[in-house]
Amino acid sequence: MRLRHILTLLIIPLVLFLAACAPKPTATAIPTPVPGVVVFTPSSAEVLNPERGFFSGIEFYGTKDELDDSEFLVRQTGDTLAFFSIRLDHYRTADIPLEFLNGLDDYFEMARKAGIKYIVRVSYNAGPIPNSEPDASLAQVLRHIKQLAPNFEKNKDVIVWFEAGFIGAWGEWHTSTNALDMAENKALIRDALFSSYPKDRAILFRYPGDIISWYPQPLSEEQAFTQSDRARLGHHNDCFLASDDDWGTYSSPPDYEVNMRADWQTYLSEITRFTPMSGETCNLNPPRSNCETALNEMELMHWSAINDQWHPDVIQVWKIQGCYPEIRNRLGYRLSLLETRFTPKVRPGSVLSVHVTLQNTGFASPLLPRPVYLLLVNQAGSPIYQQSVAADPRGWEFGDHSFSVTLAVPANLPAGEYQLALWLPDPAETLQNDPRYAIQFANDNVWDEKMGWNTIGKVTVINGE
């Protein structure tokens, strides 16, 4: 007992000494907000943005009584695009009448009211092959292209891009009944489309073999967005994943036996950095049509849009396997703010400096011209000053991007707190003030749905010293 008591008396002071010498635990640090620095967290929520995503179909045969408002409720399904199929079945041997052209105007106006844009294709039949209805003669096709051109130019604000159309079944550039799918006739129709359609809209062609025969070297960054013919040339694959060669997409006549998929996809992966890639699936073909390949090839070839209605079996597999939400979010562009840095306090007449870092996790860039503005917004929610930003969203490919801008604070600006906002509206005067056509960043609590801009910070204007 006495020995145990002595040891206890010796051990207790030793324990107390060691505890006093041990490193003290530190409290978890809580980041202190830095004035003029806002760090954003990207959101995983669906974002309804223009000129990208899944699309559904609208057909027009030329009679005004076809107009059905329910067709245009595209935004209610979470989409902003519709495939606008203009059918000239009744005019294979005649000019397009004025009534038809006026009816087209009605359909374009319905798109504006609905807050959507069209992918436009003109055709003379709806297949199926090999016994589809006829297309038109070369002379009639060229005449129709010229007739439609003024209407398309007038309504291009709600046209995101064109598909070449006119030739063969569904206008897909095969099985023509008038030899339009001969190489020389394809070239004549191609040239007529480029010379007649709006210069600031792309035209998508069905077959990579045609595209590469016309332009053996892929479009370069220096050639992009110049409104030249090759800078406007994109691709639509209407049998995506349907077979090893996507049902002839990656094969060439006359034998269609050589699968050029690997080589042609390398070429397409370059040009689709700068021009649209779109289309649809047409056949369930596992494992190629499964999620893994779909995601890999959409990313490789920068898909901007795809049909949500065809093929239904493939779309259903994507839902079952779980990649459908990712495809929905990543088609085209998906822009998120990462950080903004700016002068937190400024005086009237001084300069406000802003630096923005953002991220694109989509398959592609925004592909139409679009301005970027920095806004100063008062407490009533009204923009009192805007500055154009020297940034082109068409260059915001997958990855991180940044830009800086300076804003001259008005000399008569009252003291107080103001919001900083980024506004990326549609460049067309007809749509610029419609917030449905502005780009929303994929972040929580930044989007002003009523005004169509993204709030990125707050600045205090002070008077005096």
What heavy-atom pair brings [X] and [Y] nearest, and what distance separates the two atoms?
X	Y	value
D157	D426	O-OD2, 4.5 Å
V47	R52	O-NH1, 3.7 Å
S269	L300	CB-O, 3.3 Å
S402	T357	CB-OG1, 3.9 Å
A442	S336	O-OG, 3.3 Å
A82	I116	CB-CD1, 4.1 Å

To the nearest 0.5 Å, what is the distance between [atom1] ([X]) and [atom2] ([Y])?
X	Y	atom1	atom2	answer
D263	L268	CG	CG	11.0 Å
I145	S196	CD1	OG	6.5 Å
R330	S304	CZ	OG	12.5 Å
F54	Q309	CZ	CD	11.5 Å
L295	I327	CG	CD1	5.0 Å
D308	T281	CG	OG1	9.5 Å

Item checked: Over-ring placement of R394 relative to F225, 6.0 Å and 45° cut-offs ->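 Output yes; distance and angle both within limits.
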
Between [X] and [Y], is there a donor-acceptor pair closer than 3.5 Å when you use the side chain of the first and the backbone of the second?
X	Y	answer
R436	R112	yes
S176	N178	yes
T272	P276	no
Q359	D400	no
D448	K450	yes
N454	A421	no
R232	P198	yes

For the [atom1] atom on [X], are there more than 12 heavy atoms of other groups (residues, nucleotides or ligands in this structure) within a distance under 6.0 Å?
X	atom1	result
E429	CD	no
Q217	CD	no
E449	CD	no
N296	CG	yes
E292	CD	no
K319	NZ	yes
K458	NZ	no

Please examine the side chains of [Y] and [X], heavy atoms only from C-beta on, and report whether any two atoms are closer than 4.5 Å.
X	Y	answer
F274	L367	no
T455	L420	no
V74	T80	no
M110	V158	no
T249	H235	yes
V372	W423	no
Y333	T361	no
V405	Q387	yes

Check: Between W214 and W173, what is the ring plane arrangement, given parallel below 30°, perpendicular above 60°, and tilted in between?
Finding: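 Plane angle over 60°, so perpendicular.
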
Check: Mind checking whether F84 and Y107 have parallel, tilted or perpendicular rings, split at 30° and 60°?
Finding: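 Plane angle under 30°, so parallel.
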
Checklist line | Lys/Arg-Asp/Glu bridge criterion (N-O < 4.0 Å) met for R341, E339 | finding: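 Salt bridge present between R341 and E339.
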
Note to self: Does this structure show an ion pair linking R370 with D392, if we count only N-O contacts that are shorter than 4.0 Å?
What the structure shows: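 A salt bridge is absent here (no side-chain N lies under 4.0 Å from a carboxylate O).
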
Next item on the list: Start with the C-alpha gap between R328 and D79, add the side-chain angles, then the distance that decides, and say whether salt bridge (Lys or Arg N to Asp or Glu O under 4.0 Å) holds.
Entry: CA-CA 9 Å; R328 174 170 283 280; D79 302 321; 2.9 Å; yes

Next item on the list: Using the side chain to side chain donor-acceptor pair (under 3.5 Å) rule, pick out the option among T293, D246, D244 that qualifies with R288.
Entry: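 With R288 as partner, side chain to side chain donor-acceptor pair (under 3.5 Å) holds for just one option, D246.
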
Check: Under the ring-ring contact (aromatic ring centres under 6.0 Å, His included) rule, what pairs show up with a residue in residues 299-319, not counting sequence neighbours?
Finding: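 Pairs touching residues 299-319 that pass the test: F240-W303.
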
Margin query: Could you walk me through whether N125 and E133 satisfy the side-chain hydrogen bond (donor to acceptor under 3.5 Å, both in side chains) test, starting with their C-alpha distance in whole Å, then the side-chain angles of each, then the deciding distance to 0.1 Å, before giving a yes or no?
Written below: CA-CA 6 Å; N125 64 64; E133 292 292 313; over 6 Å; no

Margin query: Between D181 and N185, does the side-chain hydrogen bond (donor to acceptor under 3.5 Å, both in side chains) criterion hold? Intermediate values first, please.
Written below: CA-CA 6 Å; D181 49 359; N185 290 335; over 6 Å; no

Which atom pairs, one a donor and one an acceptor, fall under 3.5 Å between side chains of residues 162-172 and the rest of the protein, sequence neighbours left out?
from : atom 1 : to   : atom 2 : distance (Å)
E163 : OE1    : R121 : NE     : 2.9
E163 : OE1    : R121 : NH2    : 2.6
W170 : NE1    : A126 : O      : 3.0
E172 : OE1    : H174 : NE2    : 3.4

Notebook entry, point to check: In chain order, what residues pass the salt bridge (Lys or Arg N to Asp or Glu O under 4.0 Å) check against K186, with sequence neighbours excluded?
Noted result: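 With sequence neighbours excluded, K186 shows a salt bridge (Lys or Arg N to Asp or Glu O under 4.0 Å) to D210, given in chain and number order.
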
Margin query: What verdict does the side-chain hydrogen bond (donor to acceptor under 3.5 Å, both in side chains) test give for D245 and S251, after you've listed the backbone C-alpha separation in whole Å, the side-chain angles of each residue and the deciding distance to 0.1 Å?
Written below: CA-CA 7 Å; D245 69 349; S251 300; 2.6 Å; yes

Next item on the list: For this output row, return yes or no: ring centroids of Y267 and Y215 closer than 6.0 angstrom.
Entry: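 Ring-ring flag for Y267/Y215: false, centres at least 6.0 Å apart.
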
Item checked: Ring centres under 6.0 angstrom apart (F60, F100) ->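 For F60 and F100, the ring centres are under 6.0 Å apart.
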
Next item on the list: Report the C-alpha distance between Q223 and S220 in whole Å, list the side-chain angles of each, state the deciding distance to 0.1 Å, and finish with yes or no for side-chain hydrogen bond (donor to acceptor under 3.5 Å, both in side chains).
Entry: CA-CA 5 Å; Q223 296 166 328; S220 69; 3.2 Å; yes

Next item on the list: Go through the steps to decide whether K154 and D105 satisfy the test salt bridge (Lys or Arg N to Asp or Glu O under 4.0 Å), and finish with yes or no.
Entry: CA-CA 9 Å; K154 177 173 57 175; D105 283 336; 2.9 Å; yes

